[in-house]
Amino acid sequence: MVPKNRTISLAALNSFHTVARLGGINAAAEHQGMAKSGVSRHIVQLEEHFDVKLLERGARSVRLTPIGERLDQRIASILAEVDLLTDIASEERTGVKGKVTIAATPEFGSFVAARLFPEIRRRHPDLSVAMRTGYAFEDMQDPSTDLAFRIISAKDDRLIARPMGAFRFWIVSSLDVQRSFPVDQPNDLVNVPCLSFREDRTNATWKLFRGDELSTIEVTGKAAVRDFSALMQLAEASQGYAFLPEFLVRPSIDRGTLVRSLPLHTSRPIPVFLSYRPGARRVARIDAVINLAETLVPDLLEPLR
């Protein structure tokens, strides 16, 4: 038995978290550049220390027990905090430099990067910044991600979520589609070709608000793709009406490749949050980006009420 008062090593915590993240002891050992026996020994040390079973071992993979899942969440936070301490110490020596990685959805990430990144480079020339895009929420306990712009939801007790503002969806199409399939009220969308943000079928439910009045419309069409930029291109190619973020379609409307329909009807306001781990602002490079985001991004959005 491991004495209960023995200090738990960071190496053991890191091994367990890596096994949990990669789903296997072999993968964790390869990722960490150590022997499989060393990773297994770390897991045994933790199981004996806590007197619980952390992993269910199968023939080719492992999975966390319920208590293993709960402990992994806290261990991830501990390891992230250690990384922050390392960053703080490094920046005391070198100043604001290094890399900050931001996660966001593809279209919102592009929209923000075009406006935020040049200002970051102007004010902090030794700081580099990267945007990681995807529609799934980024794991903010992964130290490789420093900040995340989260759309709609920021429910995570382990994170700080700063409201940035909100945006809405507009109904748009090409001028040809609008002329061929005119819509004067929300229910007209039922009988015209529409483009869906889906990957499984070509129908969708659009919720349109005019003030407090809600219209729920079931739309159909011949094309669907789970990518707003691709949907916008299809709309510009006269393939149907699309329900898209206003920040994405404004340039196309200004160029005349898209026109807006039912301008009094929009989605409800879609909130945007900037999320980061507690303590992240103690790292100068992360705090510098947060400060600029808090200054610039709200001006790109409508106020969040």
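For the numbers below, each heavy atom of this structure counts, side chains included, while hydrogens, waters and symmetry mates do not.
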*Go through the side-chain N and O atoms of Thr145 and Arg132 and say whether any donor and acceptor fall under 3.5 Å apart.*
yes
*Does Gly68 offer a backbone N or O that forms a donor-acceptor pair with the side chain of Asp72 under 3.5 Å?*
no
*For the residue pair Val172 and Tyr241, establish whether any side-chain heavy-atom pair is separated by less than 4.5 Å.*
no
*asked:* Would you say Ile8 ends up clustered with Val52 if hydrophobic residues are merged whenever their side chains have heavy atoms under 4.5 Å apart, either directly or through other cluster members?
replied: yes
*asked:* Do Leu300 and Phe111 have side chains that approach each other closer than 4.5 Å (heavy atoms only, starting at C-beta)?
replied: yes
_Distance-minimising heavy-atom pair for Ala166 and Leu304_ = CB-CD1, 4.0 Å
_Under a 3.5 Å cutoff, is there a donor and acceptor pairing between the side chains of Asn203 and Arg198?_
no
*Output the distance between atom OG (Ser128) and atom NZ (Lys97), rounded to the nearest 0.5 Å.*
11.0 Å
*So which pairs with a foot in residues 217-229 pass salt bridge (Lys or Arg N to Asp or Glu O under 4.0 Å), sequence neighbours left out?*
none
*Which pair of heavy atoms, one from Thr295 and one from Asp299, lies closest together, and at what distance?*
O-OD2, 3.6 Å
Can you list, pair by pair, the side-chain donor-acceptor contacts under 3.5 Å of residues 188-196, counting residues two or more places apart and other chains?
from, atom 1, to, atom 2, distance (Å)
Asp188, OD2, Asp184, N, 2.8
Asp188, OD2, Gln185, N, 3.1
Ser196, OG, Thr202, O, 3.1

*So which of Ile25, Val19, Thr18, Asn26 actually passes side-chain contact (heavy atoms from CB on, under 4.5 Å) with Leu22?*
Thr18
Taking distance alone, no hydrogens or angles, what donor-acceptor pairs closer than 3.5 Å link side-chain atoms of residues 265-274 to residues at least two apart or in another chain?
from, atom 1, to, atom 2, distance (Å)
Thr266, OG1, Arg168, NH1, 3.4
Ser267, OG, Phe169, N, 2.8

*Flag yes if Phe209 and Ile217 sit in one hydrophobic cluster, no otherwise; membership is Ile, Leu, Val, Met, Phe, Trp, Tyr, and two members link when side-chain heavy atoms are under 4.5 Å apart.*
no
_Single-linkage hydrophobic cluster, 4.5 Å side-chain cutoff, Trp206 and Ile152 together_ = yes
*Does the side-chain contact (heavy atoms from CB on, under 4.5 Å) test come out yes or no for Val112 and Val297, once each step is laid out?*
CA-CA 7 Å; Val112 170; Val297 176; 4.2 Å; yes
Please list, one pair per line, the donor and acceptor atoms closer than 3.5 Å that link side chains of residues 257-264 to other protein atoms, with sequence neighbours excluded.
from, atom 1, to, atom 2, distance (Å)
Thr257, OG1, Glu236, OE2, 2.9
Thr257, OG1, Ser252, O, 3.2
Arg260, NH2, Pro263, O, 2.9
Ser261, OG, Gln178, NE2, 2.9

*Locate the shortest heavy-atom distance separating Val177 from Gln239; write the atom from each residue and the value.*
CG2-N, 4.4 Å
*Quick one: closest heavy-atom pair of Ser9 and Ala12, and the distance?*
OG-N, 3.0 Å
*Pairwise distance CZ(Arg210) to CG(Asp212) - rounded to 0.5 angstrom*: 12.5 Å
_Below 30° counts as parallel, above 60° as perpendicular, anything between as tilted: where do the rings of Phe108 and Phe167 land?_
parallel
*Heavy-atom pair of closest approach, residues Ser238 and Ser174*: OG-OG, 2.8 Å
*About how many Å separate OG of Ser275 and CG of Leu147, when rounded to the nearest 0.5 Å?*
9.0 Å
*Nearest-0.5 Å distance that lies between atom CG in Leu244 and atom CE in Met232*: 7.5 Å
_In the structure I gave you, are the side-chain heavy atoms of Leu296 and Glu119 within less than 4.5 Å of one another anywhere?_
yes
*Drop me the distance from Leu231's CG to Leu248's CG, to the nearest 0.5 angstrom.*
9.5 Å
_Whether Glu47 and Lys53 form a salt bridge (side-chain N of Lys/Arg under 4.0 Å from carboxylate O of Asp/Glu) is what I want to check._
no
*Same cluster or not: are Ile67 and Val62 linked, directly or through other Ile, Leu, Val, Met, Phe, Trp or Tyr residues, by side-chain heavy atoms under 4.5 angstrom apart?*
yes
*When rounded to the nearest 0.5 angstrom, what is the spacing between OG in Ser15 and CE in Met34?*
4.5 Å
*Is there a side-chain contact between Phe197 and Phe243, using heavy atoms and a 4.5 Å cut-off?*
no
*Show your reasoning for whether side-chain contact (heavy atoms from CB on, under 4.5 Å) applies to Asp146 and Ile102.*
CA-CA 6 Å; Asp146 299 304; Ile102 305 172; over 6 Å; no
*Output every pair passing side chain to side chain donor-acceptor pair (under 3.5 Å) with a member in residues 102-116, not counting sequence neighbours, ordered by first then second residue.*
Glu107-Tyr135, Glu107-Ser229
*Given Leu127 and Ile120, is the side-chain contact (heavy atoms from CB on, under 4.5 Å) satisfied, shown in steps?*
CA-CA 8 Å; Leu127 190 62; Ile120 293 173; 3.9 Å; yes
*When hydrophobic residues are tied together by side-chain contacts of less than 4.5 Å, even through go-betweens, does Val100 share a cluster with Phe117?*
yes
*asked:* As a quick check of understanding, evaluate side-chain contact (heavy atoms from CB on, under 4.5 Å) for Met131 and Thr133, giving each step before the final call.
replied: CA-CA 6 Å; Met131 183 69 74; Thr133 60; 3.8 Å; yes
*Please examine the side chains of Leu55 and Ile43, heavy atoms only from C-beta on, and report whether any two atoms are closer than 4.5 Å.*
yes
_Residue pair Pro118 / Ala113: nearest heavy atoms and the distance that separates them_ = CD-O, 3.5 Å
*For Arg201, enumerate each residue passing the salt bridge (Lys or Arg N to Asp or Glu O under 4.0 Å) test, keeping only those at least two apart in sequence or located in another chain.*
none
_Within the structure provided, determine whether Arg281 and Ile286 are in side-chain contact (heavy-atom separation under 4.5 Å)._
no
